[in-house]
Amino acid sequence: MPNKKFIVFEGNEGTGKSTHIKFASDYLTQKKIKHIVTREPGGTSFGESVRSVLLDKNSDLDSLSEAMLFYASRVFNYNNIILKALNEGKYVICDRFHYSTLVYQGLAENNKRVIELHELLDSYFSEHISLIIYLDASIKTCLSRINTREVSDKFEEKGEGFLVKIKSSYEKIFLNNKKSVKVLTDDSVSDVQKNIQNHLDKLIDE
Ligand code: TYD
């Protein structure tokens, strides 16, 4: 039986996802564990095209249209990249997954249809997830990290009120999710990485 594991990283803007995903991937490489890293939106050339539409600062798409595009990119990436890698016995690290759509387009925008869409599709997307690493940080930390970036995307520019909504929505959805672990990233990078490494070690030993 191939030793596949599906790891999802989620979290607010400025919680350090890129840094910690790189660390997780390097750690798996060090452990000689075959894996792929994919991201949402993106992961395939179709997904990258959808990404440029979704992150376009001039776009005035409503939340449901955005959600449908995120889902189109996700279904394609899931079927063609993620499930294929898992079937080959590889680990998969995914930078955001369907929880981002629930939080960003659904709960933060109070969009009932997007929330219903999540309820309809949740079991399909979450079936193979082994671990969700939910990165959390204080709003102050998130803002200071976002403000040091040279280029920011549409969602990073929505301001403090939006970050607060994203944070409280993530708290709500992961409160009772047994696959999720919360990792606080206000601390030094090395402390955060020790914490992530412990979670990865547990998963590898399962
Ligand atoms: P990205 O550059 O990956 O940002 P981050 O480093 O914060 O993950 O851009 C993805 C942006 O798209 C991010 O601001 C969150 C947003 N997003 C949604 O709004 N809904 C979704 O379903 C996904 C996957 C991302």
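Note that the structure is a prediction, hence the values are computed from the model and not measured. Order of appearance sets the numbers: ligands from 1, and atoms from 1 within every ligand.
Using a cutoff of 4.0 Å between basic side-chain nitrogens and carboxylate oxygens, Glu127 and Lys179 are not scored as salt-bridged. Residues Glu48 and Arg39 are paired through a salt bridge, judged by an N-O separation under 4.0 Å between the basic side chain and the carboxylate. A salt bridge links Lys182 to Glu171: at least one charged side-chain nitrogen sits closer than 4.0 Å to a carboxylate oxygen.
A distance of 8.5 Å separates OG in Ser169 from CD1 in Ile115, rounded to the nearest 0.5 Å. Residue Asn198 holds its CG atom at 7.0 Å from NZ of Lys202, rounded to the nearest 0.5 Å.
A donor-acceptor contact shorter than 3.5 Å links the side chain of Asn147 to the backbone of Leu143. Under a 3.5 Å cut-off, the side chain of Glu13 and the backbone N or O of Cys142 do not form any donor-acceptor pair.
Short contacts between ligand 1 and Thr101, defined as distances under 4.0 Å to a heavy atom of the residue, involve ligand atoms 21 (C), 22 (O). Close contacts between ligand 1 and Lys17 involve ligand atoms 5 (P), 6 (O), 7 (O), 8 (O) [criterion: under 4.0 Å to a heavy atom]. Interface of Glu40 with ligand 1, defined as ligand atoms under 4.0 Å from a residue heavy atom, comprises 24 (C). For ligand 1, the atoms lying closer than 4.0 Å to a non-hydrogen atom of Arg74 are 22 (O), 24 (C). Close approach of ligand 1 to Ser100 is summarised as follows: ligand atoms under 4.0 Å from at least one heavy atom of the residue are 20 (N), 21 (C), 22 (O), 23 (C), 24 (C).
Ring planes of Tyr134 and Phe174: tilted class, angle from 30 to 60°.
Of the candidates Glu66, Arg51, Glu10, the one placing a heavy atom closest to atom 3 (O) of ligand 1 is Arg51. Comparing Leu55, Val114, Ile21 by heavy-atom distance to atom 11 (C) of ligand 1, the nearest is Leu55.
Distances from ligand 1 to the non-hydrogen atoms of Arg39 include no value under 4.0 Å. The shell of residues lying under 4.0 angstrom from ligand 1, judged by heavy atoms, excludes His98.
Close N/O approach between Tyr104 and ligand 1 is not found [any backbone or side-chain N/O within under 3.5 Å]. Note: no N/O pair closer than 3.5 Å links Arg149 and ligand 1 by distance alone. Taking only nitrogen or oxygen atoms, main chain and side chain alike, Arg96 reaches within less than 3.5 Å of ligand 1.
Taking the six-membered ring for Trp, Tyr78 and Tyr124 have ring centres closer than 6.0 Å. Tyr104 has its ring centre no less than 6.0 Å from the ring centre of Phe70.
Protein heavy atom in closest approach to atom 18 (C) of ligand 1: Phe70 CZ, 3.2 Å. Summary of contacts: the protein heavy atom closest to atom 14 (O) of ligand 1 is Glu13 OE2, 2.7 Å. In terms of protein heavy atoms, atom 4 (O) of ligand 1 is closest to Asp153 OD2, 3.8 Å. Scanning the protein heavy atoms around atom 20 (N) of ligand 1, the nearest turns out to be Gln105 OE1, 2.8 Å. If you check which protein heavy atom lies closest to atom 16 (C) of ligand 1, you get Phe155 CD1, 3.5 Å.
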Item to check | Derivation of the side chain to side chain donor-acceptor pair (under 3.5 Å) call for Thr44 and Asn80 | outcome: CA-CA 8 Å; Thr44 63; Asn80 292 285; over 6 Å; no

